[in-house]
Amino acid sequence: MFSHLPPYAGDPILSLMEHYQRDERADKVNLSIGIYADGHGAIPVLSSVRAADLELAASPTPATYLPMEGHAAYRHAVAALLFGADLPPAQHLAVVQTLGGSGALKVGADLIARFFPQPTIWIPDPTWDNHIGIFEGAGFTTERYPYYDPQTKGLAFDAMLAKLDGLPRGAVVLLHPCCHNPTGVDPLREQWVQIIDLLQRRGLLPFFDLAYQGFAEGLEQDVWPVRECVRRGMAFLLSNSFSKIFSLYGERVGALSVFCPQAGQAENVLGQLKLTVRRNYSSPPMHGALIVARVLGDAALRLQWQGELEQMRVRVRDMRTMLGAQLETAVPDRDFSFLLRQHGMFGYTGLSAAQVDRLRDEFGVYAVHSGRICVAGLNDNNVARVAEAMAEVLRG
Ligand code: LMR
């Protein structure tokens, strides 16, 4: 029955994780997947999360089904986090709880595919590999717009604008509001203004993917492009995730928000999102959402969490600085200042796939084939070794 099924080649990021786990070298370093590890190399359980979890355990909630759209207090807390205290009224905003950010992308993709047949999405070149998988899996054609310029190791801003300017009205455009994955290269505020001007003028539909709110500059600053679209009354979709910012990867906690400029549309959008969820997985899981709702809904826990998020952000930035400084000492004829201009968990090193293979095979340092490293996997004990390994492969 299944003899015609081809083998799965494996996911470019998740397969590396499996490979890393099988590697028996004691000094191996995992800089592949986007997971934050603390200064001791451990995935943290945030103390705010632990406190909320203990409170939940003290008065257990029956594990009944959540509604298709998810837990009400969670959805409200998410909307306030994303859109601020003066969040858009309910007739403009549909929010559903999803299985992480990936689930949000899929629910949003399914919604668009149902009501805008034969859809195409324009994604940045490069982008997170799974954007292609999720949107093509939902029946989209994926096209690219220029984003990263390997010469300047910065944003290909003019080429990006030129491409977006030529897209047909209503075209869906995927954007990372902050901490672009994989490059860490984000538009400056004044560039965002021009991008949003163009999206508005050309009637394009932004689909924001926000997995790292708070990892670039701060919780408020990192959602500026999204809030600017609300201010201007532009329709958009927004997926967000609590995997990284709450260190809750396996709980699969995320949300999809759809902003509807015309009052009253959100009710039908929410209804269709519920139907999409029902057809996919019926309703979302509960535990992670209860934790997030409790932390965000309690002033003291929320403050504690914001402090912990800030610590993660600062530690990653410090590791960037340390890696850059050590690389500059080891390879003095090269400029590594681009590492410091990048934001979030990732460093886009410019290493070739062959150099990445050497890093893994000869030094046990795991990075993604695109040359992306997870800076959040560095710590005081491994950064020198990683810098030395990178210097060695760069010397050729
Ligand atoms: C990553 O880019 O490494 C993360 O978003 C994890 C994943 O699922 O790929």
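Residue numbers start at 1 and run along the sequence shown. Note that ligands are numbered from 1 as they come in the structure, with each ligand's atoms numbered from 1 the same way.
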I'd like a table of donor-acceptor pairs (distance under 3.5 Å, sequence neighbours excluded) in which one partner is a side-chain atom from residues 386-394, with atom names and distances.
residue: Glu392; atom: OE1; partner: Arg395; partner atom: NH1; Å: 3.0

Let me have the donor-acceptor pairs involving side chains of residues 146-154, under 3.5 Å, with sequence neighbours excluded, atom names and distances please.
residue: Tyr147; atom: OH; partner: Val185; partner atom: O; Å: 2.5
residue: Asp149; atom: OD1; partner: Gln151; partner atom: N; Å: 2.8
residue: Thr152; atom: OG1; partner: Gly154; partner atom: N; Å: 3.1

Taking distance alone, no hydrogens or angles, what donor-acceptor pairs closer than 3.5 Å link side-chain atoms of residues 160-172 to residues at least two apart or in another chain?
residue: Asp165; atom: OD1; partner: Arg201; partner atom: NH2; Å: 3.4

Which pairs of nitrogen or oxygen atoms, taken one from ligand 1 and one from the protein, are under 3.5 angstrom apart?
residue: ligand 1; atom: 2 (O); partner: Trp128; partner atom: NE1; Å: 3.2
residue: ligand 1; atom: 2 (O); partner: Asn181; partner atom: ND2; Å: 3.0
residue: ligand 1; atom: 2 (O); partner: Arg372; partner atom: NH1; Å: 2.9
residue: ligand 1; atom: 3 (O); partner: Gly34; partner atom: N; Å: 2.7
residue: ligand 1; atom: 3 (O); partner: Arg372; partner atom: NH2; Å: 2.8
residue: ligand 1; atom: 5 (O); partner: Lys244; partner atom: NZ; Å: 3.1
residue: ligand 1; atom: 9 (O); partner: Trp128; partner atom: NE1; Å: 2.9

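A salt bridge links Glu220 and Arg227; the closest N-O separation between the charged side-chain nitrogens and carboxylate oxygens is under 4.0 Å.
Side chains of Gln21 and Glu18: no donor on one and acceptor on the other come within 3.5 Å. There is no side-chain donor-acceptor pair under 3.5 Å between Thr142 and His131.
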